[in-house]
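Here is the structure we will look at.
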Number of protein chains: 2
Amino acid sequence: MNADKIPDIIISRLPVYLRALQHMADQGMRTTSSQELGEHVGISAAQIRKDISQFGEFGKQGTGYSISYLLDKLREILKVDRLWDVIIVGAGDMGHALARYQGFVNRGFNVAMIFDNDKSKIGQKIGDLTVEDTAEMVEKVKASGIRIAMLTIPATVAQETTDKLVEAGIRAILNYAPINLIVPPDVRVQYIDPATHLQRMTYYCE
Amino acid sequence: MNADKIPDIIISRLPVYLRALQHMADQGMRTTSSQELGEHVGISAAQIRKDISQFGEFGKQGTGYSISYLLDKLREILKVDRLWDVIIVGAGDMGHALARYQGFVNRGFNVAMIFDNDKSKIGQKIGDLTVEDTAEMVEKVKASGIRIAMLTIPATVAQETTDKLVEAGIRAILNYAPINLIVPPDVRVQYIDPATHLQRMTYYCE
DNA sequence: TAGATTGTTAATCGATTAACAATC
DNA sequence: TAGATTGTTAATCGATTAACAATC
């Protein structure tokens, strides 16, 4: 693997390749080319080859890429060749939907805990999980060593909760609250805000 | 307004500025600078000035930007100075969570219909909405003139459903299904896939 | 072998940043 | 006026694309 620093924009495309390759493998395909993969993900063949070649020579001239081999390599690069425990903070509608989502486990994630500060929700069962008290969150997350959180709480309390998550050792946050979070440089945040995503498209609507 | 084609990467930042300005306005602030706004959204002051200046001269040297004026202008540019009807396709957990989400209305969107093909869900009430039969979707969406859809169905049926949406006149799709959609060039798609977003961050986790 | 496709280089294209005159 | 901050230009930086030798 290349020791140089890989641009984040390349890293951001790898999960898309991974997902498409997983889909191809599910369909029984054995090999693919940068051309074919590009058509599936809407990215040029040249860019796919360049992206992949940052990490090694995984293809063969004339025949392309072995899907299962490239899957293994991408999972290894993205570190999803293991199962990451994650927590959910906020047991509202969105927290519930994520807690019940079946799509995490075969993509490398396991929802291990869910927290809320609403007394009426604490103790409630969601599938295998029981809603725990946010007051105990820092302690429990520290003890668990969990590094990844999904935030599904109101924007008003998102920053203070983020500060607690960082204190608890969380290093990656998937933020569903419609607010920009301030975090130390070693903490990553990804934003999911449906209204913001929709507003990116209305510009083009007549 | 500038008649030149504005790069999509600039358009994609405007909703983030809009959200931050709305937050500032809610806090009672009247004016801001590119410097201050930049600190809120994690973008350089120079870039914010350059982005905004694509559309006109909305600031004043020495004093910065009037928040309410810039809000008005950004809403106008993004066309969210009106209320867009949107539909939800798929009344599972995620569809339910979006149907109940309170954050759309003051960002320019109104959930007008929700569809599912599961007989046990059709007729079910979700807030003010009643789940309708996907079989009637094309007809009803055509009649309504609605242009925007949120897709919360399994990946296996996402492409065929997308084809129907396009036929029905939908021009913007917020896709929660973990699959790349193939659409004509005049249709926009935004992707929300929590597993993909998480996989973008595990690369950086130890 | 002939055809296909990779990995990589160089050229192009586009986005970001730094700097500063204009001006509120 | 003095200080602050915009809008814009030019320079820098980075990403994408095109092309092709290498080779399966």
Side-chain angles (χ1 to χ4, degrees), chain A residues 1-17 20-21 24 29-74 77 185 200 203, chain B residues 1-17 20-21 24 29-74 77 185 200 203:
Chain A
M1 193 160 322
N2 198 324
D4 297 351
K5 195 164 175 313
I6 309 286
D8 182 61
I9 195 153
I10 291 183
I11 300 303
S12 76
R13 284 189 292 259
L14 301 187
V16 178
Y17 303 158
L21 289 163
M24 288 175 173
M29 293 170 59
R30 297 302 194 82
T31 61
T32 190
S33 63
S34 58
Q35 174 70 34
E36 187 178 52
L37 181 55
E39 283 161 16
H40 270 72
V41 299
I43 292 176
S44 77
Q47 181 155 87
I48 288 177
R49 289 200 303 279
K50 192 133 203 280
D51 285 352
I52 292 173
S53 71
Q54 304 295 310
F55 304 95
E57 307 194 354
F58 301 149
K60 273 202 183 69
Q61 285 98 325
T63 56
Y65 300 92
S66 153
I67 290 174
S68 67
Y69 183 69
L70 190 52
L71 271 173
D72 279 352
K73 286 299 178 183
L74 286 176
I77 292 162
R200 272 185 70 160
Y203 174 81
Chain B
M1 191 160 323
N2 199 324
D4 296 351
K5 196 168 175 310
I6 309 285
D8 183 61
I9 195 153
I10 292 183
I11 302 302
S12 76
R13 284 189 291 259
L14 300 186
V16 178
Y17 303 159
L21 290 163
M24 288 175 172
M29 293 170 60
R30 297 303 194 82
T31 61
T32 190
S33 63
S34 57
Q35 173 71 34
E36 187 179 51
L37 181 56
E39 283 160 15
H40 270 72
V41 299
I43 292 176
S44 77
Q47 182 154 88
I48 288 177
R49 290 201 302 278
K50 192 132 204 276
D51 286 353
I52 292 173
S53 72
Q54 303 296 309
F55 304 95
E57 307 196 352
F58 302 148
K60 273 201 181 69
Q61 285 99 326
T63 56
Y65 301 91
S66 152
I67 289 174
S68 67
Y69 183 70
L70 191 51
L71 271 172
D72 280 350
K73 287 299 180 184
L74 286 176
I77 292 162
R200 273 185 70 163
Y203 174 81

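A note on names: the letters A, B, ... follow the listed sequences, proteins ahead of strands, and every chain is numbered from 1.
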Under 3.5 Å between N/O atoms: give me all the protein pairs with nucleotides 10-13 of chain C, atom names plus distance.
none

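A:Leu70 places none of its side-chain heavy atoms less than 4.5 Å from the side chain of A:Ile67. When side chains are defined from C-beta on, A:Val41 counts as touching A:Ile48, because their heavy atoms get closer than 4.5 Å. In this structure, B:Leu21 and B:Thr32 have side chains that are in contact, with non-hydrogen atoms separated by less than 4.5 Å. Within the 4.5 Å cutoff, the side chain of A:Thr31 has no heavy atoms near those of the A:Lys60 side chain. Residues B:Tyr65 and B:Glu36 fail the side-chain proximity criterion, which asks for heavy atoms closer than 4.5 Å. For the pair A:Ile52/A:Arg49, no side-chain contact is recorded, criterion being any heavy-atom separation below 4.5 Å from C-beta on. The shortest side-chain heavy-atom distance between A:Phe55 and A:Leu74 does not fall under the 4.5 Å cut-off. Residues B:Arg13 and B:Gln47 form a side-chain contact, since some pair of their non-hydrogen atoms from C-beta on lies under 4.5 Å apart.
Panel note: side chain B:Glu57, backbone B:Ser53; no donor-acceptor pair is recorded below 3.5 Å.
Distances shorter than 4.0 Å separate none of the side-chain N or O atoms of B:Gln61 from OP1 or OP2 on D:dA4. Put simply, A:Arg13 has a side-chain N or O that comes within less than 4.0 Å of OP1 or OP2 on D:dT16. Between A:Arg49 and the phosphate of C:dG7, there is no side-chain N or O to OP1/OP2 separation shorter than 4.0 Å. Neither OP1 nor OP2 of D:dT16 sits under 4.0 Å from any side-chain N or O of A:Ser44. Using a 4.0 Å cut-off, no side-chain N or O of A:Tyr65 falls inside it from OP1 or OP2 of C:dA4.
Put simply, CD1 on A:Ile11 is 16 Å from C1' on D:dG14, counting in whole angstrom units. The distance between atom CD of B:Gln54 and atom C1' of C:dT16, rounded to the nearest whole Å, is 12 Å. One interatomic measurement links the two molecules: CD1 of B:Ile52 to C1' of C:dA15, which rounds to 17 Å at whole-angstrom precision. At whole-Å resolution of the value, CD1 in A:Ile6 and P in D:dA15 are 11 Å apart. Atom CD in A:Glu57 sits about 10 Å away from atom C1' in C:dT8, given to the nearest Å. The distance from atom CD1 of A:Ile9 to atom C1' of D:dG14 is 9 Å, rounded to the nearest whole Å. Taking atom NZ of B:Lys60 as the reference point, atom C1' of D:dG7 lies 14 Å away to the nearest angstrom. Separating the NZ atom of A:Lys73 from the P atom of C:dG7 is a distance of 13 Å, rounded to the nearest angstrom.
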query = Dot-bracket for DNA chain D: what is it, with Watson-Crick or G-U pairs under 3.5 Å, [ ] where a pair crosses earlier ones, and | for a pair to another strand?
reply = ..||||||||||||||||||||||

query = For A:Asp51 and A:Tyr17, what are the C-alpha separation, side-chain angles and deciding distance, and is it a side-chain hydrogen bond (donor to acceptor under 3.5 Å, both in side chains)?
reply = CA-CA 10 Å; A:Asp51 285 352; A:Tyr17 303 158; 2.6 Å; yes

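Listed nucleotides: C:dA18, C:dA15, C:dG7. Nearest to the side chain of A:Ser53: C:dG7.
Residue order along DNA chain D, read from the 5' end via each residue's closest nucleotide, puts B:Gln35 first among A:Thr63 and B:Gln35.
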